[in-house]
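Following: one structure in structure tokens, then a few remarks.
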Amino acid sequence: MLTYRGIPLWRDVRVLQAIGQLVSVVFVVSLLVFFVANLRSAADERGLSLGFDFLGQEAGFPIGESVIDYDPGDSFLHAFAVGIINTLKAAVLGVLLATVLGIVVGLARLSSNWLVRNLAGVYIQIIRNVPLLVQLFFWYFAVFQALPLVQQAIRLPGPVYLSNRGLFFVSPQATPSFDAWVAYLAAALAVAAALRFALRWREQRTGRPSHAVVGPWLAFAAIAAAGWLAADGSPVVRNVPVLGEFNFAGGGRITPEFGALLVGLVLYTGAFIAEIVRAGVQSVSRGQREAALAVGLSNAQTTRLVIFPQALRVIVPPLISQYLNLTKNSSLAVAIAYPELFTVGRTMINQAGRALPIFLLIMAAYLAMSLTWAAVGNLYNRRVQMVER
Amino acid sequence: MRHMKLRYPLLLILVAILMAALAACGDDDGDAAASGGRLDTVKDRGNLIIAGRTDLAGFGFLDSSGKNVGFDIDLGRAVAAAIFGDPNAIEVRPISASERGPTIQSGEVDVLTRNVTWTSTRDSQWGNYTTIMFYDGQGFMVRADSGFESALDLDGVTACVTSGTTTELNLADFFRQNGLALETVVFEDTASVYGAYESGRCDVTTSDKSQLAAIRSGFASPGDHKILPETISKEPLTPVVPHGDDQWFDLVKTVMWVLINAEEMGVTQANVDSMVTSDNIAIRRMLGAEGEFGQADLGLDADFAVDVIKAVGNYGEIYDRYMGPNGISFELPRQSNELWLNGGLIYAPPLK
């Protein structure tokens with residue numbers, strides 16, 4: 001009598017797949033366990049402490065520049081926060097400027113003007129093919145350090161002073177009456193927003209031009225100006241840098257370290273973004289441009305309203321990865337003395353003597369920043385992609 | 001159902017094999033050096049690995065033939081000579097100031113001798129400090145035409161400094177203590193610190209005074225810079241060994257003591273061979289011609305001191321080679337680094 005005995009176990013695909021997956025999981029988990037155990041035993045043998053309790057101790061070392069208040073008497077944790085904020089400052093400003101530069105150069109590369117097109121090409125080729133670290137050294141030591149001494153600072157209109165101590169410029173400074181003015185500003189903003197909503201609604205309903213852009217701006221300016229006049233003395237004054245014995249005091253300042261890092265990062269990342277923008281624009285079929293021009297849109301309108309929205313689908317994903325690169329590349333500032341996360345972290349490693357915990361902290365901080373960028377970028381990407389039908 | 005029974009034993013066997021393989025890997029990885037026995041590791045390897053530098057005149061620099069030499073490097077060469085009889089059985093890994101801690105903590109080098117200041121935190125965190133070989137103190141260097149006469153004049157200046165150093169901490173302490181305003185520019189790389197100072201980015205630069213003297217000697221016009229009189233800290237420069245190996249710790253210490261004792265007893269590179277038959281018992285003992293002062297327990301030959309002194313000379317000879325009146329780097333009076341017999345602080349336990 002014939003009985004069906006089924007496929008033998010060792011030839012059953014489902015069984016083999018299940019075994020394969022189990023083995024992989026066990027392998028990966030064992031590997032992780034091994035690494036962690038190895039780390040712990042090595043740390044024990046060498047008497048390295050893995051705890052984070054040292055973060056509350058006094059840091060003791062000075063930091064060149066900081067957005068938040070910092071004093072060597074503050075804790076290691078506070079010093080680390082200074083590093084994170086300095087990194088964010090470089091990353092956010094760098095991303096904004098690199099994006100603007102990248103779009104301009106990317107479009108210039110597609111220009112019908114021979115000179116513009118080739119200048120953009122030369123810039124991209126040179127910048128992309130020289131290592132960023134070399135460029136940072138160049139900007140810091142060959143450009144910013146080669147500026148005149150602070151006593152012989154170059155005076156530009158404004159006044160703006162340029163020396164090897166950095167760029168000093170006039171900055172706005174709030175006076176005691178500033179708080180009162182803020183209320184006027186808030187009111188102006190609310191009125192302008194309401195006005196814009198109303199005017200647009202009218203425009204859409206009636207089809208008559210209603211100055212939906214100019215109107216709200218005028219309203220805002222009028223109320224802000226009224227507040228300014230009503231305030232007791234002007235709410236914002238000019239804070240002008242003045243040369244003291246050793247350096248300028250007052251005003252705003254860009255240190256050579258930050259300046260060199262920002263210029264280096266922006267030019268470098270800008271070149272990559274330019275290529276991404278060019279590729280994105282070229283990915284939109286020629287027919288789109290021709291059709292847009294045929295219905296009477298100007299060249300600028302065609303680029304802004306027809307080409308760019310479609311190009312964004314191609315541009316955004318690699319653009320996000322450039323933003324991540326810029327953020328991570330800011331750690332090269334360790335070579336030019338800008339006290340960002342990695343620089344401060346390295347100093348902490350030496351002054352606290354806790355290499356492992358601090359490296360973990362540094363990695364976690366970069367990871368968190370990168371994931372945040374990626375999350376924001378992906379949200380935007382989803383919005384852009386929705387345009388597609 | 002019959003097949004289901006088979007599945008689990010099979011899996012278990014696979015997992016067991018995997019675990020065994022991993023465990024075996026773990027055993028192979030056991031680092032002999034970390035758990036004692038660094039001397040054996042060094043002997044098996046055939047050379048001594050030290051962490052040093054190539055960028056500071058006097059202490060660790062490249063000579064005209066491109067060879068890495070200096071006061072710190074010679075201390076390492078003395079240890080190599082003690083173990084192998086050959087001072088050239090050595091590999092020098094140049095590291096930056098802020099790499100010193102992790103380098104010695106991980107045990108990847110046998111000796112760290114790169115202007116390392118001995119502090120209590122570092123002693124507990126980094127490694128074992130052997131014997132103070134150079135007594136230094138932190139000072140300030142300014143431009144000669146700056147009008148500064150004292151460190152207390154430095155209110156509101158910008159200072160260039162190396163990151164991860166005691167210098168950096170002392171600088172902050174000094175300015176805070178005296179209520180002076182300060183801006184710092186902190187570099188990872190020592191050359192960058194002095195480059196930025198020379199270009200005028202900073203009004204003042206600060207480091208150990210010996211280092212400032214070394215750097216000043218290398219400037220285009222040394223006369224344009226001066227070192228302020230104040231010494232704001234104690235900087236005992238000391239070779240360091242990794243934690244956890246007493247024999248190795250003792251060995252390196254003893255080699256340092258030999259260098260100092262040799263100067264005390266007048267044993268030099270030139271006369272060491274004839275000194276073996278000296279009528280001074282202490283000298284004969286040091287050179288292994290009579291008795292024993294612990295060589296066997298340290299795992300060294302009885303006459304290792306002869307090799308050491310032949311290779312690098314005694315403490316004073318090493319000092320003078322680089323920083324003496326006719327030194328190749330610059331002249332720096334010995335002051336605190338004189339032997340205790342001459343009113344200095346250099347003193348080593350007896351070799352007995």
Side-chain angles (χ1 to χ4, degrees), chain A residues 6 8-9 12 15 18-19 22-23 26-27 30-31 33-34 37-38 41-42 45-49 59-65 71-73 140-141 144-146 148-150 163-165 244-247 249 255-257 334-337 339 343 346-355 359, chain B residues 3-4 6-7 10-11 14-15 18-19 22-23 25-26 29 31 34-35 97-102 105-107 121-122 124-127 155-161 163-166 168-169 171-173 175-176 182-189 192-193 195-196 199-201 203 242-244:
Chain A
L9 192 67
D12 185 332
V15 172
I19 291 178
L22 257 173
V23 169
V26 169
F27 182 73
S30 328
L31 214 59
V33 169
F34 167 69
N38 193 34
S41 72
E45 253 170 35
R46 288 162 189 161
L48 302 182
S49 28
F61 57 87
I63 297 182
E65 58 186 287
D71 177 88
Y140 187 65
F141 288 104
F144 281 83
Q145 289 293 300
L149 294 175
V150 70
S163 75
N164 70 1
R165 295 282 164 92
E245 200 179 347
F246 310 117
N247 208 343
T255 62
E257 293 76 31
V334 72
I336 55 167
T343 312
R346 297 257 313 183
T347 304
M348 278 171 61
I349 286 173
N350 242 271
Q351 304 300 12
R354 309 288 208 287
F359 261 116
Chain B
H3 299 307
M4 288 300 284
L6 243 170
R7 191 183 283 181
L10 205 78
L11 253 179
L14 267 169
V15 172
L18 244 161
M19 290 300 204
L22 279 177
C25 288
D29 203 47
D31 193 338
S35 52
S98 62
E99 283 163 353
R100 293 175 301 183
Q105 275 178 333
S106 68
T121 306
R122 288 178 173 184
S124 66
Q125 287 290 332
W126 287 13
D155 195 12
V157 296
T158 305
C160 283
V161 63
S163 78
T165 55
T166 47
E168 186 184 31
L169 302 180
L171 175 72
D173 281 357
F175 277 75
R176 267 205 296 165
L182 171 71
E183 177 186 322
T184 53
V185 186
V186 185
F187 291 91
E188 172 84 9
D189 174 33
S192 301
V193 173
S199 76
R201 173 70 183 90
D203 304 298
H243 271 145

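- Judged by distance alone, with hydrogens and angles left aside, the side-chain atoms of S163(A) form a donor-acceptor pair with the main-chain N or O of R165(A) at under 3.5 Å.
- Using a 4.5 Å cut-off between heavy atoms, P62(A) touches chain B through backbone and side chain atoms alike.
- Side-chain contact between F61(A) and V161(B): absent, with no pair of heavy atoms (C-beta onward) separated by less than 4.5 Å.
- Heavy atoms of S98(B) lying under 4.5 Å from chain A belong to its backbone as well as its side chain.
- With a 4.5 angstrom heavy-atom cutoff, A196(B) touches chain A via backbone and side-chain atoms both.
- When the candidates G156(B), G164(B), G101(B) are compared by the number of heavy-atom contacts under 4.5 Å with chain A, G164(B) comes out ahead.
- Within the 4.5 angstrom heavy-atom criterion, only side-chain atoms of D71(A), from C-beta onward, approach chain B.
- With a 4.5 Å cut-off on non-hydrogen atoms, E188(B) touches chain A through its backbone and its side chain both.
- Ranked by heavy-atom pairs under 4.5 Å with chain B, the list A337(A), G244(A), G64(A) is led by A337(A).
- Only the backbone of A352(A) has a heavy atom closer than 4.5 Å to any heavy atom of chain B.
- Heavy-atom distances place no part of F359(A) under 4.5 Å from chain B, backbone and side chain included.
- Across all their heavy atoms, S163(B) and T347(A) have their closest contact at CB-OG1, 3.7 Å.
- For chain B, no part of A37(A) is nearby; none of its heavy atoms comes within less than 4.5 Å.
- Contacts of E257(A) with chain B are made by side-chain atoms alone, with heavy-atom separations under 4.5 Å and no backbone atom involved.
- Nearest heavy atoms, F144(A) versus P256(A): CD2-CA, 3.8 Å.
- R176(B) touches chain A through its side chain: at least one heavy atom from C-beta onward sits under 4.5 Å away, while N, CA, C and O do not.
- Only the side chain of F141(A) comes within less than 4.5 Å of a heavy atom in chain B; its backbone stays farther off.
- Side-chain contact between L149(A) and N164(A) is present, with heavy atoms from C-beta onward closer than 4.5 Å.
- Heavy atoms closer than 4.5 Å to chain B are found in the side chain of N247(A), but not in its backbone.
- Annotation for A159(B) and L171(B): closest pair CB-CD2, 4.1 Å, computed over non-hydrogen atoms.
- With sequence neighbours excluded, no residue forms a salt bridge (Lys or Arg N to Asp or Glu O under 4.0 Å) with D155(B).
- Both the backbone and the side chain of D203(B) come within less than 4.5 Å of a heavy atom of chain A.
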